[in-house]
Amino acid sequence: MSGDLRLGVNIDHVATIRNARGGAHPDPLRAAQVAAQAGADGITAHLREDRRHIGDGDIARLRAEIDLPLNLEMAATEEMLAVALRHAPHAACIVPEKREERTTEGGLDAKGGFDHLAPFVARLGDAGIRVSLFIEPDPVQLDAAKALGAPVVELHTGAYCDATGAAERLVQLDRVRRAAAHAEAIGLECHAGHGLTYGTVEAVAAISTIRELNIGHFLIGEAIFGGLEAAILRMRLLMGEARAAAKG
Ligand code: PXP
C-alpha cells in the first residue's frame, strides 16, 4: 500500500483487447493476478449493459479465483443489481451509463436521480456490499450521496485530467480538493478516479482525505510498452511519494 492510499486496478481494457478478436486472450483474470502480485489493493471491473469489455463470466472468475477485494462498477438497473447480489463483490460503485443519468460533466446525478438511486443504494447496502457513487467533485452531489446513505463517494477526476492548460487544471484540482474536504466533513469516505496517469496522479494522491484511487486505461496502455507489473509498480511509487511529501 501507498501508506493509507489504496490502489484499485481497473482491468476492463484487457477485456476490450480480448473482445476485439472474440477469443480468450488476453485474459483479464491474468491481469488481476499480475495486479495482485504488483501490490494492488483491489480489482475494479465495470460490467456494462452492452458487455463491451468485461463479461458476466469474468465477474464470476474474478470472485472465485482472486483474493483481492472486487469493486464492481455498475449502472443502477435491476439487471446489474441482480448480478451484484449474485456475486456479492466487496464493493459496488454506481456509475452513469446513459446520458440522462449524468451531471453535465459526467458523474452520476445523485441529486437529480435521487428517487431512482435510493432503492439501489439500500439493497446493495443491505446485502453487505459497500456502495460508492461516482460523482462530480461538487458539494451538491456529495450532499445527495450522503442523503442517499452511500458510505463512499468516488470523485470523477476526468475534468481535472482532461484540462487543457495549467490554469484550468488548477481550477479542476481545486474542485477535487474542496470536494474531498467536504466529503470528510460530512462523513463520507472519498475515492477518486478516471483518466489518471503518471502525470496527473501525484496531485490527487497528495489529497490526504482521499483513500483510494481507481485507475485503468492508462495502466493497461502502459502495459503494452513495459508490462503491467512495471506500470502498476510505477504508479504505486508515484502515489506513495506524493502522499509522503504531502504529509511533510
Ligand atoms: N472509476 C470509475 C468509477 C470508472 O468508471 C472508471 C472507468 O471509467 C475508472 C475509475 C477508471 O478510469 P480510467 O480507466 O480512465 O483510469
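As the structure lists them, so they are numbered: ligands from 1, and atoms in each ligand from 1.
- The single protein non-hydrogen atom nearest to atom 1 (N) of ligand 1 is E154 OE2, 2.4 Å, given as residue, atom name and distance.
- For N10, no nitrogen or oxygen atom sits less than 3.5 Å from a nitrogen or oxygen atom of ligand 1, counting backbone and side chain alike.
- Checked against side-chain contact (heavy atoms from CB on, under 4.5 Å), H116 has the following partners two or more places apart in sequence or in another chain: A76, F120.
- At least one N/O-N/O distance between H217 and ligand 1 falls below 3.5 Å.
- The single protein non-hydrogen atom nearest to atom 11 (C) of ligand 1 is N214 O, 3.7 Å, given as residue, atom name and distance.
- Remark: ligand 1 and G195 share an N or O pair separated by less than 3.5 Å (distance only, no angle test).
- Note on R102 versus E97: no salt bridge recorded, every NZ/NE/NH1/NH2 to OD/OE distance being 4.0 Å or above.
- The closest protein non-hydrogen atom to atom 9 (C) of ligand 1 is E73 OE2, 4.0 Å.
- Taking every heavy atom of G216 and a limit of under 4.0 angstrom, the matching atoms of ligand 1 come to 13 (P), 14 (O), 16 (O).
- Annotation: cation-pi geometry not satisfied between R175 and Y160 (NZ/CZ under 6.0 angstrom from ring centroid, within 45° of ring axis).
- The pair K98-E49 meets the salt-bridge criterion, with a side-chain N (NZ, NE, NH1 or NH2) lying under 4.0 Å from an Asp/Glu carboxylate O.
- The pair D27-R61 meets the salt-bridge criterion, with a side-chain N (NZ, NE, NH1 or NH2) lying under 4.0 Å from an Asp/Glu carboxylate O.
- Taking H182 as the reference, nothing meets the ring pair (Phe, Tyr, Trp, His ring centres under 6.0 Å) condition, with sequence neighbours excluded.
- Checking R63, R51, R18 one by one against D58, the side-chain hydrogen bond (donor to acceptor under 3.5 Å, both in side chains) holds for a single residue, R18.
- In terms of protein heavy atoms, atom 12 (O) of ligand 1 is closest to H194 CA, 3.4 Å.
- Contacts with ligand 1 closer than 4.0 Å are made by no heavy atom of H156, backbone or side chain.
- Taking only nitrogen or oxygen atoms, main chain and side chain alike, V95 does not reach within less than 3.5 Å of ligand 1.
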